[in-house]
A.B. asks: 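My questions will all concern the structure given below.
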Amino acid sequence: QVHVEESGGGLVQSGGSLRLSCTVSGSNFDSLPMGWYRQGPAYQRDLVGIITNTGSTHYAEFAQGRFTISRDNAKNTVYLQMNSLKPEDTAVYYCSPNRRDWGQGTQVTVSS
């Protein structure tokens with residue numbers, strides 16, 4: 001059974017940065033593509049970006065140039081570095097290898 005756990009969220013001022021972490025257990029992590037998603041109070045869970053098992057990354061338009069996804073296979077962990085944060089980035093952030101297994105998410109709040 002796959003277990004996913006996100007961490008690293010918090011309250012940050014507009015223009016600030018945060019790094020989120022996501023640890024996955026119960027799977028062959030180094031063979032999995034991993035996705036970061038977010039869900040705000042007024043919208044569905046949207047894709048932020050993905051990282052393939054070989055390290056290639058793809059981002060949603062709103063994330064390009066501000067967010068960076070990386071992974072450390074030795075730690076079964078994927079990261080989301082978020083810079084130049086805006087109030088509209090406020091959401092619960094999730095990661096998943098397959099859009100079926102989810103953690104509890106981590107809240108990111110960006111104040112103006």
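What you are looking at is a predicted structure, and each value in this text was computed from that prediction instead of being measured.
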A.B. asks: Output all residues satisfying side chain to side chain donor-acceptor pair (under 3.5 Å) with Asn98, sequence neighbours left out; order by chain, then residue number.
C.D. replies: Ser96, Asp101
A.B. asks: Evaluate the criterion side-chain contact (heavy atoms from CB on, under 4.5 Å) for residue pair Arg45 and Arg38; output intermediate values, then yes/no.
C.D. replies: CA-CA 5 Å; Arg45 193 169 296 186; Arg38 70 183 189 182; over 6 Å; no
A.B. asks: When you compare the side chain of Trp36 with that of Glu6, does any pair of heavy atoms fall below 4.5 Å?
C.D. replies: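 Counting from C-beta outward, Glu6 and Trp36 do come under 4.5 Å.
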A.B. asks: Are Leu80 and Val110 grouped together when hydrophobic residues (ILVMFWY) are joined by side-chain heavy atoms under 4.5 angstrom apart?
C.D. replies: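 Looking at the clustering, Val110 is in the same group as Leu80.
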A.B. asks: Is a donor on one side and an acceptor on the other found under 3.5 Å between the side chain of Gln39 and the backbone of Tyr93?
C.D. replies: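 Flag not set: sc Gln39 to bb Tyr93 has no pair under 3.5 Å.
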A.B. asks: Is it true that Val4 and Val78 fall in one hydrophobic cluster, defined by side-chain heavy atoms closer than 4.5 Å?
C.D. replies: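 Same hydrophobic cluster.
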A.B. asks: Under 3.5 Å, side-chain donor or acceptor atoms of residues 12-31 against the rest of the protein: list the pairs with distances, not counting sequence neighbours.
C.D. replies:
| unit_1 | atom_1 | unit_2 | atom_2 | d |
| --- | --- | --- | --- | --- |
| Ser17 | OG | Asn83 | OD1 | 2.9 |
| Thr23 | OG1 | Thr77 | OG1 | 3.3 |
| Ser31 | OG | Asn28 | O | 2.8 |

A.B. asks: Which atom pair, heavy atoms only, marks the closest approach of Val2 to Pro97?
C.D. replies: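 Minimum heavy-atom separation between Val2 and Pro97: CG1-CG, 4.4 Å.
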A.B. asks: Excluding sequence neighbours, so at least two apart, what forms side chain to side chain donor-acceptor pair (under 3.5 Å) with Thr109?
C.D. replies: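 Testing Thr109 for side chain to side chain donor-acceptor pair (under 3.5 Å), a comparison that skips the adjacent residues, returns Gln107.
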A.B. asks: Rounded to the nearest 0.5 Å, what separates atom CG in Asn76 from atom NE2 in His3?
C.D. replies: 12.0 Å
A.B. asks: By salt bridge (Lys or Arg N to Asp or Glu O under 4.0 Å), which residues pair with Arg66, not counting sequence neighbours?
C.D. replies: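 With neighbours one apart ignored, the set is Asp89.
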A.B. asks: Could you state the interatomic distance from SG (Cys95) to OH (Tyr79), rounded to the nearest 0.5 Å?
C.D. replies: 12.0 Å
A.B. asks: Name each donor-acceptor pair under 3.5 Å that joins a side chain in residues 53-61 to protein atoms two or more places apart or in another chain, with its distance.
C.D. replies:
| unit_1 | atom_1 | unit_2 | atom_2 | d |
| --- | --- | --- | --- | --- |
| Thr54 | OG1 | Thr52 | OG1 | 3.0 |
| Tyr59 | OH | Ile69 | N | 2.8 |

A.B. asks: If you link I, L, V, M, F, W and Y whenever their side-chain heavy atoms are under 4.5 Å apart, who else ends up in the same group as Tyr37?
C.D. replies: Leu47, Ile50, Val92, Tyr94, Trp102
